[in-house]
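Here is the structure we will look at, set down as structure tokens.
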Amino acid sequence: MADNKSKTAKLTNKTAVRHSEQAKGKAHSRLSSESNGTSEGASAPNELSALEEAFRKFAVHGDTRASGKELHGKNWSKLCKDCCVIDGKNVTLTDVDIVFSKVKKKPCRAVTFDQFKEALGELAKKRFKDKPGEEAVEEVYKLIEGKSPIISGVTKAVASPTVSRLTDTSKFTGSHKERFDESGKGKGKAGREELVDMSGYVPGYKHAGTYAQKVKGSKPI
């Protein structure tokens with residue numbers, strides 16, 4: 001009987017020690033997670049919304065030093081143009097500038113994301129007059145979500161009939177016509193001045209310059 005009691009006591013002590021160690025481990029894990037700013041069961045930080053992602057893309061456009069957290073007036077105007085918030089009728093560039101000045105703080109030259117949404121709320125009233133407040137704001141958000149700045153390409157020259165007519169040498173007349181050959185290539189000095197032909201040949205003679213070659217070729221070796 002004594003042996004059984006001794007075994008039971010040992011098992012009880014081992015179980016108590018095991019529970020104590022598990023409790024310490026959980027406490028240590030909880031303290032570590034709290035020190036890192038997280039807790040058990042907490043979800044990971046949410047990813048950027050499509051609207052905020054577009055905000056950041058326009059915020060850093062053209063400025064390598066920008067953090068993406070503030071949007072300057074120039075890029076704000078570009079966003080409204082590229083995303084068709086400006087329709088030229090209900091919302092104009094002037095409206096966009098006025099709203100930007102209204103929502104930003106006086107000493108600042110840029111707006112935060114929250115101020116950006118406030119500005120969009122103001123423009124939504126003008127852009128979608130036929131919709132209730134929240135629906136109008138959602139419609140403006142849809143115009144911007146997922147968009148990126150439009151990068152303008154190289155400007156292409158547009159063919160102009162007037163320019164073509166002025167540069168077509170085949171239509172030149174008088175002294176201007178004499179300055180170019182049949183292919184349209186300029187004759188240089190010969191096209192501007194009357195040069196005297198000192199070769200001794202009749203102008204237009206096809207075999208000019210061949211006499212010397214014939215004489216040279218007839219000499220005995």
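Below, each value reflects all heavy atoms present in this structure, side chains not excepted, and no hydrogens, waters or symmetry copies. Quick note: residue numbers are just sequence positions, from 1. Only a predicted model underlies this, so the values are computations on that prediction, with no experimental measurement involved.
- When all heavy atoms of Gln115 and Val111 are compared, the pair lying nearest together is OE1-CA, 3.2 Å.
- Annotation: ring pair (Phe, Tyr, Trp, His ring centres under 6.0 Å) contacts of Phe58 (sequence neighbours excluded): none.
- The two residues Val91 and Val85 make their nearest non-hydrogen contact at CB-O, 3.5 Å.
- Annotation: salt bridge (charged side-chain N to carboxylate O under 4.0 Å, His left out) contacts involving residues 93-112, sequence neighbours excluded, comprise Lys102-Glu122.
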What side-chain donor-acceptor pairs closer than 3.5 Å can you find for residues 128-140, not counting sequence neighbours?
none

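- Placement of Leu93 and Val103 within a single hydrophobic cluster is found when ILVMFWY residues are connected by side-chain heavy-atom separations under 4.5 Å, directly or transitively.
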Worksheet item: Can Leu120 and Leu51 be said to form a side-chain contact (heavy atoms from CB on, under 4.5 Å), step by step?
Response: CA-CA 11 Å; Leu120 293 181; Leu51 182 67; 4.2 Å; yes
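- Partners of Lys126 according to the side chain to side chain donor-acceptor pair (under 3.5 Å) rule, which considers only residues two or more places apart in sequence or in another chain, do not exist here.
- Ser148 is linked by a side chain to side chain donor-acceptor pair (under 3.5 Å) to Lys57, counting only residues two or more places apart in sequence or in another chain.
- Residues that satisfy the side-chain contact (heavy atoms from CB on, under 4.5 Å) test with Ala59, not counting sequence neighbours, are Leu71.
- Note that the NZ atom of Lys125 and the CG atom of Asn90 stand 15.0 Å from one another [nearest 0.5 Å].
- Ring geometry for Phe55 versus Phe113: interplanar angle over 60°, hence perpendicular rather than tilted (30 to 60°).
- Legend: residues meeting side-chain contact (heavy atoms from CB on, under 4.5 Å) with Thr94, ordered by chain and number and at least two apart, are Thr92, Ile98.
- Residue pairs meeting the salt bridge (charged side-chain N to carboxylate O under 4.0 Å, His left out) criterion with at least one partner in residues 69-92, sequence neighbours excluded, are Lys78-Asp82, Asp87-Arg127.
- For the pair Ile144 and Phe116, the minimum side-chain heavy-atom distance is below 4.5 Å.
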